[in-house]
Amino acid sequence: MVKVPETAASAPLFDYAPAPESRAIVDIRSSYGLFVDGEFVDGQGSSFKTVNPATEEVLSEVAEASDADVDAAVKAARRAHSRVWGRMSGRERAKYLYRIARIIQERAREIAVLETLDNGKPIKESRDVDVPTAAAHFFYYAGWADKLEYAVPGNGAPQSLGVAGQVIPWNFPLLMLAWKIAPALAAGNTVVLKPAETTPLTALLFAEICQQADLPPGVVNIVTGAGATGQALVAHPDVDKVAFTGSTEVGRRIARTVAGTDKKVTLELGGKAANIVFEDAPVDQAVEGIVTGIFFNQGHVCCAGSRLLVQESVAEEVLDRLKRRMATLRVGDPLDKNTDVGAINSAEQLARITELARVGEDEVGTTGGAGRWSPPCDLPERGFWFPPTVFTGVSQAHRIAREEIFGPVLSVLTFRTATEAVEKANNTPFGLSAGVWTEKGSRILWMANQLRAGVVWANTFNKFDPTSPFGGYKESGYGREGGRHGLEGYLK
Amino acid sequence: MTASDASLRRFLHGLPGVDQVGCEARAAGLGTRSIKTTAKAQALDLAIRMVDLTTLEGMDTPGKVRALASKAMRPDPADPTCPAAAAVCVYPDMVATAKDALGDSGVHVAAVATAFPSGRAALDIKLADTRDAVEAGADEIDMVIDRGAFLTGRYLQVFEEIVAVREACARPDGTAAHLKVIFETGELQTYDNVRRASWLAMMAGGDFIKTSTGKVQPAATLPVTLVMLEAVRDFRAQTGRMVGVKPAGGIRTAKDAIKYLVMVNEVVGQDWLDPDWFRFGASTLLNDLLMQRTKMTTGRYSGPDYFTLD
């Protein structure tokens, strides 16, 4: 019965030649100022460098906004709100939002290359996910701008809040900007946004897009900087609304800062999502979903499926298939169109992932099939890299099952019954997302009701759409972004 | 397992399901791979070697078949480095002509038998059809399954027909023609059915599983081929036996063909990247492969008149 293929050994490998996207389309300036009141201005503070995490090459020098710079930006936003944007009809605001959306589409390739250079994510993802989804958010909220009275229950047209101070993370720089700015502007607010210090460049390109779209000065202001700049922004007394996406630790600090003020706050924080695979799951698609869940964007995703809960009866089979699939992941040059897993965003993040993986190795040990595994892959010498990694034999008591690693590291746990799966999935301080894999529709609905998570994906994972609200339970934050719900945080 | 419809049904319906959305997304994702320069040159030559050059028309004549045979042996008369196609695929009455024209070139003759394309004939007629083709010298037999029986759950009948046709492929000298089993996936409708048909055909001893006759739309698609590749991969893991896959119909461009090769490479791996284990059933594909191949070597595109039409 067994027939050994004769040709297998002699056949030449089908090795994909490099297919790099050209970076010539992007013009990165050697230094950038702040975008305040419709103009690029020099900051009054110092400056910092932003690097390409795949090569450690310095891309540009960016101004670090001081308290005075933040104050100037908030003042510009306040002026724009009271004189122009807050008074403008929704239909007029929509025109600007549509225009921004179209410019994002027109300049998609340029934005995608810049995002990949500054962030380290594969060009495939910035091209096929980040940029089109960002444009989709502007298109979607442009549609709401003149229909706000239908968005929130109550009498009459709802009012904008005023000035929104927004702080976004480095994992999806432009997309998070779109999630923040599009609903804020649609609802009639003006914004001061601080991009993450390691990924400021696409936000600054977005500032150029605002100029290109003739957006009235002061409606969008971009202040670059690190934690202190963010702190100055959220603490500014003339900010009416604070929106933050990032770590739970910083989220707590922000909540303390705004406590006792009448600022409205939405926080989108960490996660430790369970991706739950039942024995009757469509197994090949489930394996794809596990891979997408944790290795998409190098695992730098707050809703990443970082805990795989697999039913014991199929655990071995699913793991075998998962490892075989992981061996085909292409790790390397983010600008190569065939790269699946790119660079870790910063040395700091790489150190954190490395440390937690080391802890995990000690925790799970090597007995009874437990252990750490990565497929063989050649990592580039320069830059920040971490191979796709899976830990088997993990239990709820281990740190790698509880703490957000925010990297390409999957912890595998098993369960016997649906009740046990729910218990384990919910047994975490977080509650941002979850995945359920089964061919049984009634079980999907039952699980979705039991899981305490803002998003429950069924037979898919990491799908984002502007029409769908996104947000957390428990330490994953409060408030929703996306959909009609996303407007509520920007209206009174 | 193969004792009754009921036991076959239990096994086939116990196979893991296929989620349509996820399957199509995976196929589309593989389709975005960018294959350039050396990899492209390698893929084009491999694809040419995998082509089953096909003519299955009512108006086929010996002259047409002979022309096709010379095309298969020397796809690009101007370039001796261009490899030959894998096989010429014809109706059974044309097998002798094709065999004669191909001689000992190494290019195989494949014959569609078993009342192709509908398969709506009595079993003994299907078997006679097969034996005719084998006696005339066919190296490979492309049979069609009884889709009516499959869709009504008469799995045992489908299974036994494949077994019988396989026996009819035997030659007096103890060797046998290679058997490809065509599902006509466009009529099976669901990916679950494609997976079940794949296992049924492999268990019955098929050497190859093939998507379509080319007479029904949709014919070969990337997601259907993905499901079949997963099936042959899992079948080898369980039994140790390797089964080939042949998408047929609707693959017209080099770009499409390369997408299939990428899928083979990443889903089942290097072992299947060989004409013995993966084929394209196509007629117009070959000239596009040749056009791209010439472009790779000369740096220029030539017009269609520079490639032979047969």
Heavy-atom pairs under 4.5 Å with chain A are the metric here; pick the option from B/T38, B/V18, B/T37 that has the most. B/V18
Looking only at heavy atoms and a cut-off of under 4.5 Å, which of B/G22, B/C23, B/A25 has the most pairs with chain A? B/C23
Neighbour count >12 (heavy atoms, 6.0 Å) for atom [atom1], [X]:
X      : atom1 : value
A/E312 : CD    : yes
B/R9   : CZ    : no
B/D173 : CG    : yes
A/K323 : NZ    : yes

4.5 Å side-chain heavy-atom contact, [X] and [Y]:
X      : Y      : value
B/R233 : A/D284 : yes
B/L46  : A/F14  : no
A/R321 : B/D234 : yes

Minimal heavy-atom distance between A/D15 and B/A39, with the atoms involved, is O-CB, 3.3 Å
Provide the closest heavy-atom pair for A/K337 versus B/S34 in the form atom of the first, atom of the second, distance. CB-CB, 3.9 Å
Which atoms of [X] come close to chain A, meaning under 4.5 Å heavy atom to heavy atom: side chain ones, backbone ones, both, or neither?
X      : value
B/L15  : neither
B/E266 : both
B/R33  : both
B/V262 : both

Taking 4.5 Å as the heavy-atom cut-off, does anything in residues 324-331 of chain A contact chain B, and if so which residues? A/R324, A/R325, A/T328, A/R330
Any side-chain donor near an acceptor of the partner, A/Y16 and B/Q42, under 3.5 Å: no
Side chain of B/D19, backbone of A/Q285: donor and acceptor closer than 3.5 Å? no
